[in-house]
Amino acid sequence: MLDRKYILENADAVKQNCDNRNVKVDVDRLVQLETARRVKQQEVQDLNTEANAASKKIGQAKDDAQREPLKVAARQLNKNKDAAQDEHDKLDAEINELQLLVPNMAHPDCPVGVDDKSNLELGRGKHAPREFDFKPLDHLELGEKHDWIDFEGGSRTTGNGFYFLKGEMVLLDLALQQYAVAELMKRGFTPTVTPDLAQDSVLEGIGFNPRGPETQIYSIENMNLSLIGTAEITLGGLYSGKTVMDTELPIKLCGISHCYRTEAGAAGRASRGLYRVHQFTKIEMFAFTLPEQSDAVHEELRQIECDLFDAIGVPYRVVDTATGDLGGPAYRKYDLEAWMPGRGESGEWGEVTSTSNCTDYQSRRLNIRYKQKDKKGTNFVHTLNGTAFALSRALISILENHQNADGSVTIPEVLRSIMGRDVMGAA
RNA sequence: GGAGAAGUGGCUGAGUGGUCGAAAGCGCCUGAUUGCUAAUUAGGUGAACGGGUCAAACCGUUCCGCAGGUUCGAAUCCUGUCUUCUCCGCCA
């Protein structure tokens with residue numbers, strides 16, 4: 001969330017930003033409430049001073065006879081104090097509700113526009129979409145042909161949107177993970193296998209609403225636990241409430257987890273197969289940085305995503321997300337969209353990664369700070385996240401781009417030694 | 001899963017209803033002193049929020065895992081919750 005003081009002092013910029021992002025929030029009311037709250041806060045503090053002094057006097061009294069009348073007075077003071085506190089808390093709660101709706105400010109270079117039509121293509125990967133001299137299959141057909149992906153079994157055991165990976169597909173899945181983790185370790189990331197469940201309070205801290213009619217989150221009955229939708233939740237939770245030394249930053253983590261999403265109301269042709277599923281494995285990059293580092297680290301995350309997809313020979317384009325298409329916490333977001341020959345009529349771009357600089361929007365909520373030696377006080381860190389591989393979609397991109405006329409799939413060079421073969425699905 | 005114990009400042013650790021934001025030690029910072037890779041000594045040393053200031057100083061409120069409760073008053077008593085440890089049981 002944004003700092004209240006910042007909102008108060010930059011109300012016009014905040015309003016403009018909300019318009020750019022196509023988010024409706026009553027900023028004026030927020031400002032008005034916060035101004036009132038500050039006055040009330042002073043009142044509460046003064047009443048507290050009074051009540052504390054009165055209590056102290058009772059402690060110093062000689063005997064009960066002296067004490068009783070003082071108690072009566074103190075009780076009244078406390079009543080006044082509590083009443084003022086209640087009024088303050090009400091204001092505070094209302095402000096908080098509004099404050100949570102206010103999105104992060106956007107990077108000045110961010111393309112301005114109310115939806116994804118204004119997204120800006122920044123560039124393409126090393127590999128251009130391939131011209132097939134045969135009719136390419138989609139990943140579902142390939143998966144069925146070789147018994148690599150079993151959706152029917154997934155539905156029967158678990159439900160629609162679940163699947164089994166089998167045979168060489170498992171080798172590919174594991175090889176991608178191993179490759180990504182090794183590459184990220186080379187670049188200073190600490191590999192971190194996280195829990196797949198987290199306490200609801202952690203979800204809420206990161207900005208997910210675990211229970212309720214519109215939730216995308218699976219939660220465990222009779223427990224305050226939910227399945228995570230991304231390792232961002234657990235990795236953020238890992239540092240929530242902590243203060244680190246500035247010299248430790250940037251902290252770069254490579255999260256490995258399963259991700260669970262209900263995907264309520266997202267069925268249809270565009271989400272066939274592995275594209276939109278309820279469970280997938282994800283190798284996620286996450287970074288905590290100093291404020292002045294975050295832009296550079298964001299570029300680094302984007303570059304890593306490009307390097308990974310170049311390495312597996314998948315064509316992609318890089319998109320600079322427009323203001324109206326940004327999630328609330330993002331200051332700037334780049335997506336990689338891979339070419340998927342089996343998608344749509346004759347191939348379409350499909351999102352495979354996403355990297356966001358969330359500046360201090362999440363850390364303020366999570367209370368993650370850094371301290372500078374010899375300086376008083378602390379500041380909020382910046383947080384960034386980026387997908388290395390979301391396995392489900394990475395698998396689609398490899399199968400569909402590297403398929404051969406006979407239905408086999410040529411394995412990207414960097415994965416061959418890991419998988420112990422050059423081709424999968426060979427006759 | 002059952003029984004018990006515990007969570008205090010950067011760390012160790014005292015504190016069972018008021019004088020406690022909190023003893024003591026360690027660490028760290030500043031000064032003094034000794035001519036030696038350190039000792040001795042004096043002092044200082046948490047955070048958030050609000051006010052204040054050019055910036056400080058300074059003032060106020062809050063914070064002893066977290067959330068509630070009792071009380072004029074809670075680190076201290078009560079409830080819930082999270083975490084850790086010990087013992088028992090079960091288990092990959």
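Below, all heavy atoms of this structure are taken into account, side chains as well, without hydrogens, waters or symmetry copies. Quick note on labels: first sequence line is chain A, next is B, and so on, each numbered from 1. Computed from a prediction, not measured in an experiment: that's the story for all the values here.
- When each of G18(B), G51(B), U61(B) is scored by its nearest atom to the side-chain atoms of S55(A), the top-ranked nucleotide is G18(B).
- Looking at N404(A), its side chain never comes within 3.5 Å of a backbone N or O of D406(A) through a donor-acceptor pair.
- If you take CE of M223(A) and C1' of C82(B), they are 13 Å apart, rounded to a whole angstrom.
- Checking the phosphate oxygens (OP1, OP2) of A47(B), no side-chain nitrogen or oxygen of T243(A) falls inside 4.0 Å.
- At a threshold of 4.0 angstrom between heavy atoms, the contacts of N367(A) with the nucleic acid are absent.
- Rounded to whole Å, the distance from CG on D82(A) to C1' on G69(B) is 13 Å.
- A donor-acceptor pair is defined here as one N or O able to donate and one able to accept, closer than 3.5 Å; no such pair exists between the side chain of N20(A) and the backbone of G324(A).
- The distance between atom CD of Q372(A) and atom C1' of C29(B), rounded to the nearest whole Å, is 17 Å.
- The separation of C64(B) from G17(B), taken at their C1' atoms, amounts to 15 Å, rounded to a whole angstrom.
- Residues S240(A) and I368(A) share a closest heavy-atom pair of CA-CG1, 3.8 Å.
- Separation of the C1' atoms belonging to U8(B) and U71(B) is 23 Å when rounded to the nearest angstrom.
- H139(A) and Y275(A) have their aromatic ring centers separated by at least 6.0 angstrom.
- Nucleotide C85(B) forms a pair with G4(B), judged by Watson-Crick or G-U wobble geometry with both contacts under 3.5 Å.
- For Q45(A), the side-chain atoms get nearest to C49(B) when compared with the rest of C49(B), U62(B), U19(B).
- One atom, NZ of K71(A), and another, P of U71(B), lie 11 Å apart when rounded to the nearest Å.
- As rounded to the nearest Å, U19(B) and U34(B) have P atoms that lie 44 Å from one another.
- With a cut-off of 3.5 Å on both pairing distances, the Watson-Crick or G-U wobble partner of G25(B) is C11(B).
- The phosphate of U62(B) (OP1 or OP2) has a side-chain N or O of N52(A) nearer than 4.0 angstrom.
- Comparing the P positions of A67(B) and C82(B) gives a spacing of 15 Å, expressed to the nearest Å.
- Separating the P atom of G2(B) from that of G80(B) is a span of 14 Å, rounded to the nearest Å.
- Taking atom CG on N48(A) and atom P on C49(B), their separation rounds to 18 Å, with Å as the unit.
- Rounded to whole Å, the P atom of C77(B) lies 10 Å from the corresponding atom of G7(B).
- With both ends at atom C1', the span from G46(B) to G35(B) equals 38 Å, rounded to whole Å.
- Here the nucleotide nearest the side chain of N224(A), chosen from A47(B), G60(B), C82(B), is C82(B).
- Projected onto RNA chain B by closest heavy-atom contact, G377(A) and I58(A) fall at different nucleotides, the more 5' of which corresponds to G377(A).
- Ion pairing between R421(A) and E168(A) holds under the 4.0 Å rule for side-chain N and carboxylate O.
- When both pairing distances are held under 3.5 Å, G60(B) makes a Watson-Crick or G-U pair with C49(B).
- In the set A48(B), U61(B), G51(B), the nucleotide with an atom closest to the side chain of R38(A) is G51(B).
- Residue-to-nucleotide proximity on RNA chain B shows that, of G59(A) and Q42(A), the 5′-proximal contact is made by G59(A).
- In this structure, F380(A) places its CZ atom 12 Å from C1' of A47(B), rounding to the nearest Å.
- One atom, CG of L70(A), and another, P of G18(B), lie 18 Å apart when rounded to the nearest Å.
- No donor-acceptor pair closer than 3.5 Å links the side chain of N96(A) to the backbone N or O of D92(A).
- Under 4.0 Å is where a charged nitrogen must lie from a carboxylate oxygen, and between D246(A) and K375(A) no such pair does.
- Across all strands shown, U40(B) pairs with A32(B); the Watson-Crick or G-U wobble distances both stay below 3.5 Å.
- Pair assignment for C77(B): G69(B), on the basis of Watson-Crick or G-U wobble contacts that are both within less than 3.5 Å.
- Considering only side-chain N and O atoms, K371(A) lies under 4.0 angstrom from the phosphate OP1 or OP2 of A47(B).
- For the contact set between residues 1-14 of chain A and RNA chain B, defined by any heavy atom under 4.0 Å, there are no members.
- Across U83(B), A47(B), U61(B), the shortest atom-to-atom separation from the side chain of Q199(A) is found for U83(B).
- Between the CG atom of N379(A) and the C1' atom of C49(B) there is a distance of 15 Å, given to the nearest Å.
- Partner of L391(A) under the side-chain contact (heavy atoms from CB on, under 4.5 Å) criterion, out of L176(A), L174(A), L274(A): L176(A) alone.
- Annotation: A75(B) and A23(B) have their P atoms spaced 15 Å apart (nearest Å).
- Under the 6.0 Å cut-off for aromatic ring centres, F288(A) and F286(A) qualify, their centroids lying closer than that.
- Both the sub-6.0 Å distance and the 45° axial angle are not jointly satisfied by R393(A) relative to the ring of F280(A).
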